[in-house]
Amino acid sequence: METVLSGIRSTGNLHLGNYFGAIKNFIKMQHENRCYFFIADYHSLTTHPTPEDLHQNVKQVLVEYLAAGIDPEVATLYIQSDVPEVAELYLLLSMNAYMGELERCTTFKEKARKQPDNINAGLLTYPVLMAADILIHKAHKVPVGKDQEQHLEMARTFGNRFNRLYKTDYFPEPVAFNFGVELIKIPGLDGSTKMGKSEGEGNAIYLADDEKVIRKKIMRAVSDSGPTEMNQPKSQPIENLFNIMNVVSSPDTVAHFEALYNKCEIRYGDMKKQLAEDVIAFTAPLRERILEIGADDAYLSKVARMGAEKARESASKTIKEVREIIGFKPF
Ligand code: TRP
């Protein structure tokens, strides 16, 4: 059985794009592999959140992943900072991570540009911490998006370098994992092709959005002035609305509005009303679970404890072996 590990940013609520892009695959994957899912809260310190925000963000992510269907009895779902072994491996790996390669990292350069007043060392060594996350469980596969591929490459570099330095084959090479299926990409409501929180207010529908918010966002979604000829190709914003409809509505509903569009008889207001109702029907059970789990502190505490325990079992084994390889031996 292969070990799959996924690190989850502890900022930002889940939106429909996350749900269809990754979460649905995680839910399935947890039954087929040894899965570690963790919330990367050490990493989030690079932006100096307040203690309240830090805690609230971690909780929100934990709640939403559980609500979406990650089963903490099946997968190992944990919070990074509950596993101090990660910090030790980070220290050890940092001894053979070089300034030059860290400074050349695209994400470092980008973040340094974005927060010029806070170019802290944690930002520079972010890829080392991420390598520690991955190597601590000797993960084989890491589902990552395009923006994280360079980090994964660095995790391979650090693992291989350790192996070479100590003449061992201790760390396996982690590879990027794409789910073997064409990922469903959910477009934004602002006419752009990507649903994402960085794209601006109103672009994304969050799993935790209530009915009113969903209706408002969809009714305000960008459209166009309507088709003027039969079977006219769709503009991007209209294509987007149909794409979202494709994942939440019945095939009959989609066919109905396709036909109206092709006959130039479509009224986008009607289509949006229908789309809003179908999105609400789809997300309502998720939102209910989010509210329910979010109010159950005893359950959350149990989940976090169980996750930490399972993760530390694997992590402490790695640290013990790594210490021996390096030459730390008891007297
Ligand atoms: N850097 C990742 C992101 O921004 C999050 C992350 C931290 C991660 N550690 C990881 C992802 C280990 C995969 C494996 O999305």
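We count ligands from 1, going down the list as the structure has it; atoms in each ligand are counted the same way.
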So which protein heavy atom does [atom] come closest to, and at what separation?
{"atom": "atom 13 (C) of ligand 1", "result": "Gly7 N, 3.4 Å"}
{"atom": "atom 12 (C) of ligand 1", "result": "Met130 CG, 3.6 Å"}
{"atom": "atom 2 (C) of ligand 1", "result": "Gln148 OE1, 3.3 Å"}
{"atom": "atom 15 (O) of ligand 1", "result": "Arg9 NE, 3.0 Å"}

Atoms of ligand 1, numbered as shown, that sit under 4.0 Å from any heavy atom of [X]:
{"X": "Ile134", "result": "12 (C), 14 (C)"}
{"X": "His43", "result": "7 (C), 9 (N)"}
{"X": "Val142", "result": "13 (C), 14 (C)"}
{"X": "Phe38", "result": "9 (N), 10 (C), 12 (C)"}

Proximity winner for atom 14 (C) of ligand 1, if only heavy atoms of Leu5, Asp133, Leu129, Thr107 are counted
Leu5
Separation between CG (Leu124) and SG (Cys105), nearest 0.5 Å, reads 9.0 Å
OG1 (Thr283) and CD1 (Ile214) are apart, to the nearest 0.5 Å, by 3.5 Å
What I want to check is whether the side chains of [X] and [Y] have a donor and an acceptor closer together than 3.5 Å.
{"X": "Asn160", "Y": "Glu173", "result": "yes"}
{"X": "Ser301", "Y": "Arg305", "result": "yes"}
{"X": "Ser81", "Y": "Asp41", "result": "yes"}

Short N or O distance, Ser6 and ligand 1, threshold 3.5 Å exclusive
no
Are any of the N or O atoms of His151 closer than 3.5 Å to those of ligand 1?
no
When Thr3 is tested against each of Arg34, Lys138, His137, Lys141 for side-chain hydrogen bond (donor to acceptor under 3.5 Å, both in side chains), which residue passes?
Arg34
Have a look at ligand 1 and work out which part of Gln80, if any, has a heavy atom under 4.0 Å from it: side chain, backbone, both or neither.
neither
Answer yes or no on whether Lys234 is positioned over the face of Tyr261, meaning its NZ or CZ is under 6.0 Å from the six-membered ring centre and within 45° of the axis.
yes
Are Glu313 and Lys310 close enough for a salt bridge, meaning some N to O gap below 4.0 Å?
no
